[in-house]
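Only one structure is covered here, and it is reproduced in the block below.
Each chain gets a letter, A, B and so on, in the order the sequences are listed, and its residues count up from 1. Just the heavy atoms: all of them, side chains too, but no hydrogens, waters or symmetry mates, feed the values below.
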2 protein chains.
Amino acid sequence: MSDGGPPTVVSIAERAGVSIASVSRVLNGVGARPETVRRVERAAAELGYVPNAVAQSLKGGRTKQLTFAMQDIGNPVYVAMVRQIQAVARAAGYRLLLHSTDAVIEDELAVVRSLGDRTSDGLILCPIRITPEHVEVLTAAAGPVVVIGSLPQGVPVDAVQADSVLGARLAVTHLVESGRRRIAFVNGPLDTVPGHNRRQGYLKALAEGGVVPDPSLERATSFGLGAGREALHDLLDAGTAPDAVFCANDQLALGAAQAAHERGLRIPEEMAVVGMDDSDLARACWPPLSSVDLGSEERGRTAARMLLERLSDTPDDRQDAAPEPGGPRPGAARRVTTAPRLVVRASSAAAPTADATAARGGVR
Amino acid sequence: MSDGGPPTVVSIAERAGVSIASVSRVLNGVGARPETVRRVERAAAELGYVPNAVAQSLKGGRTKQLTFAMQDIGNPVYVAMVRQIQAVARAAGYRLLLHSTDAVIEDELAVVRSLGDRTSDGLILCPIRITPEHVEVLTAAAGPVVVIGSLPQGVPVDAVQADSVLGARLAVTHLVESGRRRIAFVNGPLDTVPGHNRRQGYLKALAEGGVVPDPSLERATSFGLGAGREALHDLLDAGTAPDAVFCANDQLALGAAQAAHERGLRIPEEMAVVGMDDSDLARACWPPLSSVDLGSEERGRTAARMLLERLSDTPDDRQDAAPEPGGPRPGAARRVTTAPRLVVRASSAAAPTADATAARGGVR
DNA sequence: CTGAAAGCGCTAACAA
DNA sequence: TTGTTAGCGCTTTCAG
């Protein structure tokens with residue numbers, strides 16, 4: 001009997017009157033007599049056969065699935081990455097598995113470990129912090145991993161990172177050069193890699209521009225949307241009188257811009273605003289937000305490609321003399337850095353000295 | 001020999017000096033002698049064993065994976081859904097597979113068909129159009145599907161839909177009641193379900209408010225960001241002199257708001273703007289955008305829950321007298337509709353007759 | 001309580 | 001060219 005569940009090679013073989021091996025061959029385009037091909041294809045079509053990918057995976061050792069793990073898909077930066085990764089993956093015949101870790105360290109580690117369950121062939125991980133455990137787990141990963149973010153030298157894992165020090169420097173230098181002097185900095189948590197680096201860039205640019213840094217102009221909170229608004233209100237309430245605010249990402253910048261609007265401050269005349277990431281938000285808001293493109297899309301694309309390369313480097317079997325299971329044995333770990341690019345828009349266009357004589361700031 | 005690849009039940013069995021059956025039992029918490037448990041657990045730990053999920057799936061017939069397919073993860077509405085779905089899925093021990101179909105019909109259909117490859121246990125599909133092929137494919141789906149969107153009565157598939165007719169009506173009624181009379185409508189494509197329905201709501205609200213509809217105030221383009229800006233510029237260039245614009249989603253609305261700003265029109269005094277979806281964008285921009293919450297998050301959550309219910313209804317085997325393979329046999333297809341909710345913010349707060357005497361529109 | 005063995009659906013030797 | 005058969009790693013009878 002054949003029925004009782006979805007069609008399989010067996011049902012097709014019965015119906016076509018051939019062996020399951022012939023079915024498999026025909027289905028995989030291996031040589032067969034035309035007559036056999038015809039009968040198998042016919043039977044498969046009639047039965048509405050779809051190969052069981054799980055069985056194929058068990059046999060082949062590859063699932064044709066990739067995993068992308070980040071903290072929160074709500075952040076536009078990750079959305080941009082997901083898009084690129086998904087595009088690259090699908091073009092190579094891979095599906096994409098998504099993991100939101102909510103920045104819970106334990107979840108991040110679990111995702112790396114879960115490479116061992118062979119559910120996906122490789123992992124793109126976007127951690128916001130790198131702990132010693134991260135290094136440990138990444139080093140022992142059961143399959144190829146590409147990290148989007150900074151990684152210490154020793155770790156034998158590919159990484160694609162943004163140069164956010166330079167990025168922040170570009171933004172702040174731009175503000176200094178357009179005559180701003182009291183440049184506030186609304187940052188995310190300082191104990192994160194991006195938080196730390198962006199601050200370095202900020203300070204460096206101030207130094208280069210001959211502006212004495214004023215600690216009271218700095219705020220470190222979270223990377224979320226509401227934080228920017230609160231931070232700028234706080235800065236204004238504290239009487240720090242900034243004439244510009246540089247924010248560690250676009251979400252913070254939009255929040256800051258809102259606060260400025262609420263205080264009746266004109267952007268950019270009385271308050272210039274510059275964000276980071278150059279997400280869709282920057283283009284969509286008013287006035288359009290100057291921002292530093294840190295190459296989120298490029299990093300996503302590159303990470304996906306690097307991962308696929310690793311996967312094709314590992315032919316099929318893993319029983320040869322590999323010192324450790326999985327991992328990027330062939331060739332040392334690569335470190336790629338994408339170049340930041342400042343995008344100046346209306347939110348920082350005008351010079352502050354013009355003192356409000358400028359028109360409505362129309363752009364069209 | 002045991003080595004040559006990742007640890008398996010066999011390697012553990014060898015090391016612990018028991019049979020693979022005992023290993024499996026211990027690992028699954030089935031009864032065993034304390035001594036056996038100890039030895040197996042020790043061996044597993046020493047080997048760093050992680051069960052092969054693919055093999056488990058092949059055996060059990062379930063992958064513990066769910067698929068979510070929408071057109072473009074770049075749209076904030078889908079991001080909101082993904083978040084909810086992911087949360088519900090992970091809580092139930094399921095992983096989430098993501099598919100961007102780019103609104104290509106053929107891809108959408110392929111995703112439904114690919115349920116047959118047993119890669120995921122169920123599918124949440126967010127189609128923007130329903131063609132006869134959709135109906136056909138959905139009816140013959142190899143596993144449970146929940147559609148987010150409208151579905152004809154006959155189709156034996158669960159669906160969670162928004163009441164966008166009512167939603168649009170709420171928005172436009174709000175504009176009429178605040179004294180607007182020349183209410184433009186920037187819509188997406190008319191041959192999509194959302195496009196069609198939102199227009200119905202728009203027209204209905206006008207009729208109820210005693211406003212004669214002016215076809216020259218309508219624009220149907222795409223749902224993308226740039227389209228809204230162009231559409232409003234176009235409306236203004238055409239001399240249609242709208243005093244408000246209702247947009248079929250927030251992205252369009254932000255575009256329209258930009259155009260208004262570019263023309264030096266004050267929002268809301270000279271031009272009220274209302275969007276739809278109440279995405280993060282609405283809260284993030286300036287002035288904050290009035291919008292209709294169509295319950296994207298709720299729909300995502302509900303869809304995920306319904307799918308999980310279907311999955312638990314199907315015990316484990318599928319060889320009983322099911323007329324068709326898979327599909328929602330137990331219990332008829334359900335149709336759930338989420339209620340829309342108008343969120344009034346600054347972009348439509350002031351009355352038009354006040355004629356610009358209002359302050360800067362500060363909110364704080 | 002434990003071990004031997006069957007089998008999930010598929011691919012790939014190996015023979016014929 | 002085709003069929004037979006042996007697994008991929010796991011769970012689950014079925015005996016012992």
Side-chain angles (χ1 to χ4, degrees), chain A residues 2-40 44 47 49-64 116-119 121 142 315-319 325, chain B residues 1-40 43-44 47 49-64 116-119 121 142 315-319 325:
Chain A
S2 65
D3 205 280
T8 69
V9 280
V10 175
S11 10
I12 297 182
E14 285 175 351
R15 184 168 193 121
V18 299
S19 75
I20 61 169
S22 290
V23 174
S24 178
R25 282 188 211 105
V26 171
L27 262 26
N28 290 295
V30 187
R33 197 173 16 146
E35 167 66 8
T36 309
V37 173
R38 222 180 38 68
R39 288 166 62 179
V40 169
L47 260 36
Y49 174 76
V50 180
N52 183 322
V54 175
Q56 288 178 317
S57 295
L58 181 58
K59 186 98 248 287
R62 293 166 307 105
T63 54
K64 286 294 201 171
D117 73 10
R118 305 284 150 193
T119 273
D121 299 339
D316 252 317
D317 37 19
R318 43 199 183 284
Q319 71 269 29
Chain B
M1 220 134 303
S2 64
D3 205 281
T8 69
V9 280
V10 175
S11 9
I12 297 182
E14 286 175 352
R15 185 168 193 120
V18 299
S19 74
I20 63 168
S22 290
V23 173
S24 177
R25 282 188 211 106
V26 171
L27 262 26
N28 291 294
V30 187
R33 197 175 17 145
E35 167 66 9
T36 309
V37 173
R38 219 180 41 70
R39 288 166 63 179
V40 170
L47 260 37
Y49 173 75
V50 180
N52 183 322
V54 176
Q56 288 178 316
S57 296
L58 181 58
K59 188 96 249 282
R62 293 167 305 107
T63 54
K64 287 294 202 172
D117 73 12
R118 304 287 155 197
T119 274
D121 298 340
D316 252 317
D317 37 18
R318 42 199 186 283
Q319 73 269 32

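Close to C/dG9, at under 4.0 Å from its OP1 or OP2, lies no side-chain N or O of A/T8.
When all heavy atoms of B/A142 and B/G116 are compared, the pair lying nearest together is CB-CA, 3.6 Å. Between B/I12 and B/L27, the shortest heavy-atom contact is CD1-CD2, 4.4 Å. Here the shortest heavy-atom pairing between B/S19 and B/A13 reads C-CB, 3.8 Å. For the pair A/S22 and A/T36, the tightest heavy-atom approach, listed with the atom from each and the gap, is CB-CG2, 4.3 Å. When all heavy atoms of B/R39 and B/G17 are compared, the closest pair comes out as NH2-O, 3.8 Å. Of all the heavy atoms in B/L47 and B/P7, the pair that sits closest is O-CG, 3.5 Å.
A heavy-atom distance below 4.5 Å is found between the side chains of A/P6 and B/R118. Counting heavy atoms from C-beta outward, B/T119 and B/T63 have side chains that stay 4.5 Å or more apart.
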Base-contact (B) and sugar-phosphate-only (S) positions in nucleotides 11-16 of chain D, heavy-atom cut-off under 4.0 Å, - elsewhere: BBB---

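In this structure, the CG atom of A/D117 is 11 Å from the P atom of D/dC10, given to the nearest Å. Rounded to whole angstrom, the span from the NZ atom of A/K64 across to the P atom of C/dT11 amounts to 14 Å. Remark: P of D/dC8 and CZ of A/R62 are 17 Å apart, rounded to the nearest angstrom. The CG atom of A/L47 sits 15 Å away from the C1' atom of C/dG9 (whole-angstrom rounding). In this structure, B/N52 places its CG atom 6 Å from P of D/dC10, rounding to the nearest Å.
If you check every strand for non-hydrogen atoms under 4.0 Å, A/V54 touches nothing.
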Candidate pair A/Q56 and A/N52, rule side chain to side chain contact (heavy atoms under 4.5 Å, CB included), full reasoning: CA-CA 6 Å; A/Q56 288 178 317; A/N52 183 322; over 6 Å; no

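Listed by residue number, the members of residues 30-37 of chain B with any heavy atom below 4.0 angstrom from DNA chain C are B/A32, B/R33, B/T36.
The nearest heavy atom of DNA chain C to B/V18 and to B/L58 marks one nucleotide each, and the one closer to the 5' end goes with B/V18.
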